Protein chains: 2
Amino acid sequence: MDHQAAGTRKDRGAVKADEVKVDLIAVVVAVNDSEPCVLTIGQADTLPSGPFALEHRSPQSGLRGWVEQQTGHPLGYIEQLYTFADRDRIGAARQQRVISISYLALTRKEQAAGSPKCGWQSWYEYFPWEDHRSGTPPVVLDVLRPRLIEWADGASDAATRRERRQRAAIAFGFDDRHWNEELTLQRYELVYEAGLVQEAGSRRDATPPPLVAGKFMVADHRRIVATSIARLRSKIKYRPVVFELMPPVFTLLQLQRTVEALSGRLINKPNFRRLIEQQELVEKTGETTAETGGRPAQLYRFRHAILDERPVAGTKLPLTRA
Amino acid sequence: MDHQAAGTRKDRGAVKADEVKVDLIAVVVAVNDSEPCVLTIGQADTLPSGPFALEHRSPQSGLRGWVEQQTGHPLGYIEQLYTFADRDRIGAARQQRVISISYLALTRKEQAAGSPKCGWQSWYEYFPWEDHRSGTPPVVLDVLRPRLIEWADGASDAATRRERRQRAAIAFGFDDRHWNEELTLQRYELVYEAGLVQEAGSRRDATPPPLVAGKFMVADHRRIVATSIARLRSKIKYRPVVFELMPPVFTLLQLQRTVEALSGRLINKPNFRRLIEQQELVEKTGETTAETGGRPAQLYRFRHAILDERPVAGTKLPLTRA
DNA sequence: AGAACTTATAATCATGTAGACTATAACTGG
DNA sequence: CCAGTTATAGTCTACATGATTATAAGTTCT
């Protein structure tokens with residue numbers, strides 16, 4: 001990341017009172033072939049970003065510029081995610097403050113754009129424990145659970161030990177609890193605190209990291225992606241944002257697969273259809289498609305008009321009960 | 001990207017690359033005597049705020065400092081609200097960028113603190129159309145509706161006219177629609193666009209503002225408060241944050257009145273009790289209170305333990321159906 | 001062509017919960 | 001003692017949701 005080193009180096013002579021640098025950082029999400037992906041640059045370990053400059057009218061417009069320049073991808077839907085501004089968040093403690101205003105953007109892949117140094121990476125390469133579409137992934141019970149328990153028991157006092165076990169149990173659904181897909185950030189924080197991800201390594205020098213769970217990302221980018229996942233998994237339930245990720249025309253199963261990809265769990269098919277249809281979020285195009293074998297499916301499109309009719313309630317997820 | 005061209009005027013001598021000012025700004029909320037209030041300084045038109053300085057470890061800690069210094073009030077619960085960073089947001093177009101990271105804080109009044117130049121102001125002085133506890137307030141039908149229709153019909157093309165009417169109808173529940181208490185921000189934006197609030201005045205010089213709805217606030221502080229209200233009204237439904245506003249011990253009716261104050265609408269009493277009790281959010285202290293006449297009520301306290309047991313689902317609001 | 005398989009679509013059933021409403025209990029103030 | 005106020009319990013109903021089954025309409029393989 002070149003624009004964080006730049007500031008410190010140049011200003012060696014004159015130290016400004018408020019040495020602040022404001023970055024815009026984008027988590028661009030698309031769902032490609034039922035796989036939720038994030039757009040990266042570099043070694044697939046960096047999110048698109050750039051300094052917030054005076055010529056930008058708004059952070060959103062600045063962000064669009066940076067992403068398009070770095071990845072060739074134009075952005076549609078954008079929402080502010082969080083502003084990260086803690087001092088030592090970049091690792092080494094510098095005298096310069098870095099503030100990152102992060103945004104969540106939703107798009108679709110296609111758009112040609114075999115751009116230079118960028119690519120789509122599945123969420124689940126960074127967070128292998130988050131994909132429960134084929135049941136609980138092995139890494140949870142085989143690796144994370146023992147390691148988290150080990151970490152919990154490593155605390156000096158009994159209160160902390162119990163508290164850590166509790167947190168882990170709630171976040172990961174241990175001890176007959178249910179998996180809650182929205183707790184992505186809490187899970188990442190646990191895994192981080194327990195020293196099970198690479199970026200946490202620098203904190204404790206003596207920690208032998210025999211396990212590194214999930215692919216690495218630069219600085220705190222992985223935390224930012226975790227924040228995005230949590231936000232998106234929550235938001236699809238009360239706002240119709242999934243459609244930002246869909247092609248103009250789609251089948252109900254494709255829509256379902258997309259929601260499943262995002263939430264990381266399976267949905268009951270008839271119930272999903274019922275919900276979608278009775279909410280009048282979509283309308284038939286009248287045409288059908290015969291792809292993927294089986295009975296041809298009706299094609300639907302998103303009813304943009306719905307947004308003018310009432311405050312829409314988004315895609316409820318018929319998820320399995322207890 | 002050369003962001004040095006922009007910073008021209010002030011920096012005649014030493015041209016700084018990014019002339020940025022980062023402010024922390026707090027919306028401190030408490031509910032006093034069933035009235036939701038926000039903490040202000042100055043002429044009750046300014047939110048506590050201050051520059052984000054290098055010595056602050058995190059924006060949260062910086063904010064605590066500023067608020068305590070300006071109002072004498074220590075803060076408990078804090079959550080980030082939004083980062084405002086558009087160029088011309090402060091009114092006069094300056095060559096300097098102002099970024100405001102805003103936070104929502106929840107407290108209780110008491111705490112002694114007859115501090116210098118600060119005070120609690122009811123939300124509804126700034127947003128008189130938001131309080132529906134005694135039915136739809138007159139200002140909505142008598143004033144806002146005609147003025148908004150007027151504004152809508154003032155658009156040049158038919159499409160815009162229809163769109164404006166639609167937005168107003170949805171936001172304010174005209175034409176037999178239901179009032180949705182969470183649309184506070186949309187409502188403020190409409191009222192602002194229609195030129196019905198003082199702070200919108202400067203935009204159009206020729207606008208004769210015969211009506212100024214609600215009390216004025218400096219810069220875009222009123223928008224920030226509107227954002228807070230919307231966030232809080234939404235959040236109490238899925239997270240148990242109301243208890244941050246309650247004294248350690250309270251009756252169920254007091255709790256209900258607090259929720260009603262925040263949401264701006266009345267709640268069915270037996271249903272509210274049922275929800276609260278079956279969620280195990282509270283527990284009886286065993287004592288009763290005889291205040292306010294009538295049968296003495298059980299006193300309850302918040303079960304903090306619930307937070308360690310499961311991802312709590314907050315206070316569902318039994319609001320009137322269609 | 002027929003069998004086996006895949007996907008689409010309709011319909012049913014059972015359960016739980018939310019909203020509306022009624023009734024009774026226990027206190028205060030005149 | 002009566003009127004008024006608040007607390008608390010309980011009931012009834014409509015509806016939404018999760019689970020399940022059945023049927024329709026294609027494809028692919030043999």
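This is a predicted model, so every value here is computed, not measured. Side chains included, hydrogens not; waters and symmetry mates left out as well; all remaining heavy atoms used. In what follows, chains carry the letters A, B, and so on, assigned in the order in which the sequence lines appear, proteins first and then strands, with residues in each chain numbered from 1.
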Gap between atoms CD and P, on B:Q256 and C:dG19 respectively (whole Å): 13 Å
Less than 3.5 Å apart, which donor and acceptor atoms pair up between the side chains of residues 135-145 of chain B and the rest of the protein, not counting sequence neighbours?
none

Options D:dT17, C:dA8, D:dT20, nucleotide nearest the side-chain atoms of A:N268: D:dT20
Contact class for A:L253 (heavy atom, under 4.0 Å): base, sugar-phosphate, or nothing? sugar-phosphate
Name the atoms and distances for all side-chain donor-acceptor pairs under 3.5 Å in residues 249-259 of chain B, with sequence neighbours left out.
residue	atom	partner	partner atom	Å
B:T251	OG1	B:L253	N	3.4
B:T251	OG1	B:Q254	N	3.1
B:Q254	OE1	B:T251	N	3.0
B:Q256	NE2	B:E260	OE2	3.0
B:Q256	NE2	B:I267	O	2.9
B:R257	NH1	B:E260	OE1	2.8
B:T258	OG1	B:Q254	O	2.9

Rounded interatomic separation in angstrom, taking CD1 from B:I276 and C1' from D:dT8: 15 Å
Measure from CD on B:Q254 to C1' on D:dT6 and round the result to the nearest Å. 12 Å
So that I can tick it off, tell me whether A:E189 and A:R223 are bridged by a salt bridge, with the cut-off set at under 4.0 angstrom between side-chain N and carboxylate O. yes
Name the closest nucleotide to the A:P270 side chain, picking from C:dA11, C:dA8, D:dT8. C:dA11
Return the value, rounded to whole Å, for the distance between atom OH of B:Y300 and atom P of D:dT6. 17 Å
Between atom NZ in B:K269 and atom C1' in D:dT5, what is the gap in whole Å? 9 Å
Using whole Å, what does the distance between atom P of nucleotide D:dT6 and atom CZ of B:F272 come to? 16 Å
Separation of C:dC27 C1' from B:Q298 CD (nearest whole Å): 14 Å
OP1 or OP2 of C:dG16 under 4.0 Å from side-chain N/O of B:Q278: no
B:R233 NZ/CZ over B:W123 ring centroid, <6.0 Å and within 45° of normal: no
Residues B:E182, B:K237: salt bridge by 4.0 Å N-O rule: yes
Given Watson-Crick or G-U pairs with both distances under 3.5 Å, what dot-bracket string fits DNA chain C, with | for other-strand pairs and [ ] for crossing? ||||||||||||||||||||||||||||||
Any luck finding a side-chain donor-acceptor pair between B:Y300 and B:E277 under 3.5 Å? yes
Looking at D:dG10, does its base get a donor-acceptor pair with the side chain of B:R274 below 3.5 Å? no
So, B:R133 and B:E35, do they make that salt bridge, N to O below 4.0 Å? yes
B:Q279 has an atom CD; how far is it from atom C1' of C:dG16, in whole Å? 14 Å
Given C:dG19, D:dA25, C:dA10, the nucleotide with the shortest approach to the side chain of A:R273: C:dA10
Does C:dT6 have OP1 or OP2 sitting under 4.0 Å from an N or O in the side chain of A:R295? no
So does B:N271 reach the base of C:dA20 with its side chain, donor to acceptor, closer than 3.5 Å? yes
